[in-house]
Amino acid sequence: QVQLQESGGGLVQSGGSLRLSCSASGGTLSYYGMGWFRQAPGKEREFIVAISRDGSTTYYESSVKGRFTASKDNTKNTLYLQMNSLKPEDTAVYYCAADGSSMKIGLGYTYWGQGTQVTVSS
């Protein structure tokens with residue numbers, strides 16, 4: 001069973017950038033389609049990005065498209081989320097997730113990390 005751990009969150013000013021990492025143990029990320037989600041206070045968890053097993057295909061929700069870039073380094077067993085042009089509405093806890101399917105868009109992921117807080121100040 002794969003375990004996931006996010007890192008890289010923090011406080012950043014509006015317009016700034018952050019790069020989140022999601023490292024895996026107990027499993028090889030090349031076997032999993034991966035996703036990024038976020039949950040703002042008082043809101044439901046929101047799917048934002050999916051990336052295929054081999055990292056060649058990505059899908060972005062409109063709220064982050066053009067600003068966020070997901071990548072996957074299977075040799076390092078790590079998933080990344082580069083976040084640029086951050087806005088206060090991007091403030092949330094960010095989660096990575098893994099699924100046995102080649103790529104999953106939306107909910108239904110099997111494995112989850114604990115999350116990392118991202119706060120964007122105006």
Atom OG in Ser25, atom CG in Asn77: separation rounded to 0.5 Å? 8.5 Å
Expected output: side-chain Tyr109 to main-chain Met34 donor-acceptor under 3.5 Å: yes
Side chains of Leu20 and Met83: closer than 4.5 Å at any heavy-atom pair? yes
Work out which heavy atom in Phe47 is nearest to a heavy atom in Glu61; give both atom names and the distance. O-CG, 3.2 Å
Any side-chain to backbone donor/acceptor pair from Thr91 onto Glu89? Under 3.5 Å, distance only. no
Is any side-chain heavy atom of Asp73 closer than 4.5 Å to one of Tyr80? yes
Please output the side-chain donor-acceptor pairs of residues 2-12 that fall under 3.5 Å, not counting sequence neighbours, one pair per line with the distance.
{"from": "Gln3", "atom 1": "NE2", "to": "Gln1", "atom 2": "O", "distance (Å)": "2.7"}
{"from": "Glu6", "atom 1": "OE1", "to": "Gln114", "atom 2": "N", "distance (Å)": "3.0"}
{"from": "Glu6", "atom 1": "OE1", "to": "Gly115", "atom 2": "N", "distance (Å)": "2.7"}
{"from": "Glu6", "atom 1": "OE2", "to": "Cys96", "atom 2": "N", "distance (Å)": "2.9"}
{"from": "Glu6", "atom 1": "OE2", "to": "Gly115", "atom 2": "N", "distance (Å)": "3.3"}

For residues Ser63 and Arg38, report the shortest heavy-atom separation together with the two atoms involved. OG-NH2, 3.6 Å
Check against side chain to side chain contact (heavy atoms under 4.5 Å, CB included), Ile48 and Phe68: CA-CA 9 Å; Ile48 55 173; Phe68 290 12; 4.2 Å; yes
Same apolar cluster: Leu107 and Val49, side chain cutoff 4.5 Å: no
All heavy atoms of Ala70 vs all of Trp36, minimum pair found to be CB-CD1, 4.4 Å
In short, Arg53 meets Gly33 closest at the heavy-atom pair CG-N, 3.7 Å
Lys72 side chain near Leu29 side chain, heavy-atom distance below 4.5 Å: yes
Are Ile105 and Trp112 connected in the hydrophobic side-chain network, where two residues link if heavy atoms are under 4.5 Å apart? yes
Cation-pi check for Tyr95 against Arg45: NZ or CZ below 6.0 Å from the six-membered ring centre and within 45 degrees of the axis, yes or no? yes
Any donor-acceptor pair under 3.5 Å linking the side chain of Arg67 with the backbone of Ser85? yes
Please check if any side-chain donor atom of Asp99 sits under 3.5 Å from a side-chain acceptor atom of Thr110, or the reverse. yes
Ile51 vs Tyr59 side-chain heavy atoms within contact, under 4.5 Å: no
Gap separating the CG atom of Leu81 from the OG atom of Ser21, nearest 0.5 angstrom: 9.5 Å
Answer with yes or no whether the hydrophobic clustering places Val64 together with Phe37; edges join I, L, V, M, F, W, Y residues whose side-chain heavy atoms lie under 4.5 Å apart. no
Can you tell if the side chain of Thr116 reaches within under 4.5 Å of the side chain of Val93, non-hydrogen atoms only? no
Closest approach of Ala92 and Ala40, non-hydrogen atoms and distance? CB-N, 3.8 Å
Closest heavy-atom pair, Ser14 versus Ser122, reported as atoms and distance to 0.1 Å, is CB-CA, 4.2 Å
Would you call Asn74 and Thr28 a side-chain contact if the rule is heavy atoms closer than 4.5 Å? no
In terms of hydrophobic clusters joined by side-chain contacts under 4.5 Å, are Leu86 and Tyr60 together? yes
